[in-house]
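Remarks on the structure that follows.
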Amino acid sequence: MNASEVRLRFSPAPTGFLHIGSVRTALYNWLHARHTGGTFILRIEDTDVARSTQESIDQIQEVLRWLGLNWDEGPVLQSVRFDVYLEAAHRLLADDKAYECFCTEAEVRARNEDAMRRGHIPGYDGRCRTLSVAEREAFIAEGRARSIRFRTPDEGRSSFEDVVRGEVAVEWSTIPDFVIVRSNGTPVFFLANAVDDIDMGITHVLRGEDLIDSTHRVLALRRALGHDDQPIYAHLPLILGQGGGKLSKRHAAISVEEYRDAGYLPGALCNYLALLGWGPEDGREVLTTDELIAEFELARVIPSAATFDPKKLEWMNGEHIRRLTSAELQAAVLPFARARYGGRLDIPRFEKAVELAQNRATTLVQIADQMAFLFTPDEELELDPASWEKLARVEQAPAILDAVIAYVETCPWEADAIDLKAPIEALGLKAGKVMHVIYTAVEGRAAGLPVYDSIFLLGRASALRRLRAARAKL
RNA sequence: GCCCCCAUCGUCUAGUGGCCUAGGACGCCGCCCUUUCAAGGCGGUAACGGGGAUUCGAACUCCCCUGGGGGCACCA
């Protein structure tokens, strides 16, 4: 790899679905790689074998693909590189930068709780730091399992430069010795992370702010392994839910699949997520992915946490829908329509309906739902109860329907020739006020596609059957 | 309890000492347009958490407080 090459990695743990916050992290890494012509690597941090699942590994890749966040290298699974991490751990052991620890997890926890009661710092107390030969032998004779702990400095400060926060510093005394190899022989995150960032030549580390404290440990390991250079770090602001606290199911959908299934466009989701913590210099908000790549600057990432606002995402999705060509939108809506209408789907009608819906919808699902009446046999058309109630409350509804029926029976049959205003106004009514009656009769509900076009799409016979059915029902 | 990070309208943000009686966007409210509902157009509502300090002058610099968030695992 070239010395000046920019290399970034997105490195999720495959222990569940990919949270929307992680997706934002992936996006920023990807944007910076694409903006700089660098390399974007997908690394799966599955050192916790017990919690990692293949399902999650698959899902991560599926989500990234759907969003268009393609990676140049990987996926690299850490689980196949254990020997590399273990070799590093033994080097640290040999250099006395780490030591074997015979304490069990339960013992450490118990001593911690005790120390906490007395108002002390929680964290490993250093029991095995300086074991005598005899003590060591005794533990081994006992058949105790051993983990490997990294020895952190007792004094001084650890500090690093963060692109979005400036200098981040902490006293070493607040960071206890930590495990780098579990007693079952598997390596821990800090070790694998440090080793891989070295081996992969990572130049920029963009990750959530929740990892900011762990950076001191990773960097200490890196130095202990003989690397005084360090990547450029940028800790991204967290995404919060409404009312504070981390974004969870309670606030909004937090998995990408939910947005995909609800009819959100990947470009809109990327756009919205990109704007949580960053914005282009000129203040534009609706940007294509290519524009995001062109404009993205790490230097403009802000340090404060952002609250996720589903409403703004929805608005933005509508903006993206409006910017699509008819063909693009039709292709995007098609799967949703097929799932709903199956064999009843009529493509020419479908395409026209999508065009009619384009400048009014905020999600693809909304578009697919609005055209339901076009693919439903007249006798099966369901009348939305609330809409019907509203229709029934209109005193002149029978007269309106009669007038419209008479009109539709004889009007010229051309797309732009249908105009229901005249027959309704002939009754002395304001057309706009009662047009919902016709919407409900023809489309089954008061809110939907423009009704003149809908009648034309349906065809004269079908439209008349629906109008007459509604009239008869009154 | 200890440590770290953060702090402009309800929300996303612009703003890097005078251009700020603080700008834009979402939301909300009103009006207009209109083939109901939407969409669109126009207008309105609404913020620099508090206290010190520096300065001729602070949203912008420093300190304290307060508030919010994160971390303190043989999770990552």
For atom [atom1], what is the distance between [N] and [M], given to the nearest Å?
N	M	atom1	result
G10(B)	U21(B)	C1'	23 Å
G1(B)	C48(B)	P	30 Å
A58(B)	G52(B)	P	13 Å
U55(B)	C63(B)	C1'	16 Å
G15(B)	G44(B)	C1'	24 Å
C9(B)	G27(B)	C1'	12 Å
C4(B)	A22(B)	C1'	31 Å

Between residues 416-434 of chain A and RNA chain B, which residues have a heavy-atom gap below 4.0 Å?
->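 Within this stretch, K421(A), G432(A) sit under 4.0 Å of the strand.
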
Looking only at side-chain atoms of E285(A), point me to the closest of G24(B), U35(B), A76(B).
->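 It is G24(B).
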
Choosing from A76(B), C72(B), U35(B), which nucleotide comes nearest the side chain of R217(A)?
->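 Selected nucleotide: C72(B).
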
Which part of the nucleic acid, if any, lies within reach of L211(A) when heavy atoms closer than 4.0 Å are counted: base, sugar-phosphate only, or nothing?
->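 Counting heavy atoms under 4.0 Å across all strands, the contact made by L211(A) includes a base.
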
Touch check for A169(A), heavy atoms < 4.0 angstrom, all strands: base, sugar-phosphate only, or nothing?
->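 The residue A169(A) makes sugar-phosphate contact but no base contact.
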
To the nearest angstrom, how far is K390(A) atom NZ from C37(B) atom P?
->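 Going from K390(A) (NZ) to C37(B) (P), I get 6 Å.
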
Can you check the R284(A) CZ to C12(B) C1' distance for me, whole Å?
->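 About 17 Å, once rounded to whole Å.
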
